[in-house]
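See structure below.
Just so you know, residue 1 is the first one in the sequence shown, and it goes up from there.
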Amino acid sequence: MSESGRMPPQHHGPQKVRRRRVLLCLAFTALALLLVAAAAAIALLAVLRPRDPVTELLSVNATGVLPRVVPLPTVSVQLNVTFLLVVRVRNPNPAAFRHGPAATSLYYRGAAVGYGEVPAGTVPSRGAATVRMNMTVQADRVVAAAGIGGLVADVLAGEMEFEARTEVPGTVTLLGLVKRGVEARSVCRVVIGVADVNVRRQECHNEAKL
């Protein structure tokens, strides 16, 4: 076969290069879309995950008269103490925190001796609200918790230690879609002077239950 009758060579090189470039562009585009979708999902999960509300005991005041043991005609304990607790609830979420009745229980030597409650309310998004509670210590429960001997020992030592536990249950609705129940709690140890009914020491820590 003569040279004039040969088939002309076919040049597919430029087409293959062009096709490879298109495939690479598509692959990079798909990868970029996946990364963007993953970042959006992570951001959405971060937004939808409620952060713990925090309760903070601002102040504790005690008024009244701490225990006096009257031996005659029968041994009795005279006690008249009222606690005023001021508690602040902080809401770090981008949605309002609606809570039910907030309750504070007062304990002495592990036994409940007082209780206080405030009505339900709302803490604004990334805001705070202050609640005030009055609690009267129940003398019979104090005596039952410590016994006459333990109570006299505390009186002679000049101090009585109480524990205040505050619970604020509520819900946070994020993006108008996801509702999560949250219960913020704080536990405070309060030491009261017997002679002057003043708060001598207090120590608090916070916790939350999602």
Side-chain angles (χ1 to χ4, degrees), residues 51-71 75-92 97-124 126-170 182-209:
R51 297 175 61 190
D52 301 343
V54 177
T55 55
E56 178 185 1
L57 184 64
L58 297 181
S59 65
V60 180
N61 292 313
T63 60
V65 179
L66 279 174
R68 289 190 303 166
V69 179
V70 180
V75 177
S76 63
V77 176
Q78 296 179 354
L79 173 65
N80 181 18
V81 178
T82 299
F83 285 89
L84 172 61
L85 287 83
V86 180
V87 179
R88 179 164 55 199
V89 182
R90 294 183 178 275
N91 176 26
F97 170 56
R98 293 176 174 83
H99 64 82
T104 294
S105 299
L106 192 68
Y107 292 83
Y108 174 66
R109 290 180 174 251
V113 297
Y115 180 82
E117 185 175 292
V118 297
T122 301
V123 183
R126 295 191 174 92
T130 302
V131 296
R132 291 173 171 79
M133 305 178 191
N134 285 308
M135 291 186 298
T136 299
V137 178
Q138 301 177 19
D140 56 338
R141 294 191 177 185
V142 171
V143 176
I148 295 295
L151 188 58
V152 170
D154 284 347
V155 171
L156 292 177
E159 294 182 344
M160 294 183 68
E161 182 177 317
F162 294 87
E163 185 179 82
R165 302 177 187 174
T166 302
E167 299 180 355
V168 185
V182 177
E183 184 177 60
R185 301 174 180 176
S186 69
V187 179
C188 297
R189 186 176 63 89
V190 182
V191 178
I192 307 296
V194 173
D196 51 12
V197 200
N198 285 334
V199 177
R200 296 188 177 179
R201 296 185 301 279
Q202 68 180 54
E203 179 183 349
C204 301
H205 67 270
N206 300 288
E207 58 185 28
K209 180 181 178 181

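A 4.5 Å side-chain heavy-atom check between Pro101 and Glu117 finds at least one atom pair inside the cut-off. Counting heavy atoms from C-beta on, the side chains of Leu151 and Met160 come closer than 4.5 Å. Looking only at side-chain heavy atoms (C-beta outward), Val199 and Ile192 come within less than 4.5 Å of each other. In this structure the side chain of Arg189 reaches within 4.5 angstrom of the side chain of Val191, judged on heavy atoms.
With hydrogens and angles disregarded, a donor-acceptor distance shorter than 3.5 Å links the side chain of Asn91 to the backbone of Pro124.
In terms of heavy atoms, Thr122 sits closest to Ala129 at O-CB, 4.5 Å. Closest non-hydrogen pair, Asp154 versus Val194, comes out as O-CG2, 4.1 Å. Here the closest non-hydrogen pair linking Phe97 and Pro169 is CZ-C, 4.3 Å. Of all heavy-atom pairs spanning Val142 and Val137, the tightest one is CG2-CG1, 3.4 Å. Nearest approach of Pro119 to His99, heavy atoms of both residues: O-CE1, 3.8 Å. Scanning both residues, Gly116 and Met135, for their nearest heavy atoms gives N-CG, 3.4 Å.
For Arg200, the CZ atom counts as densely surrounded, since its 6.0 Å shell holds more than 12 non-hydrogen atoms of other residues, nucleotides or ligands. In Arg109, the CZ atom is crowded: over 12 heavy atoms of neighbouring residues, nucleotides or ligands sit closer than 6.0 Å.
Using bins of under 30°, 30° to 60° and over 60° for the plane-to-plane angle, the ring pair Tyr108/Phe162 lands in the tilted bin.
Ion pairing of Arg165 with Glu163 is present here, as a side-chain N (NZ or NE/NH1/NH2) and a carboxylate O approach within less than 4.0 Å.
Here the OG1 atom belonging to Thr63 is positioned 8.0 Å from the CG atom belonging to Leu84, to the nearest 0.5 angstrom. The distance from the CG atom of Leu106 to the OH atom of Tyr115 is 13.0 Å, given to the nearest 0.5 Å. Note that OG of Ser59 and CZ of Arg132 are 7.5 Å apart. Values are rounded to the nearest 0.5 Å.
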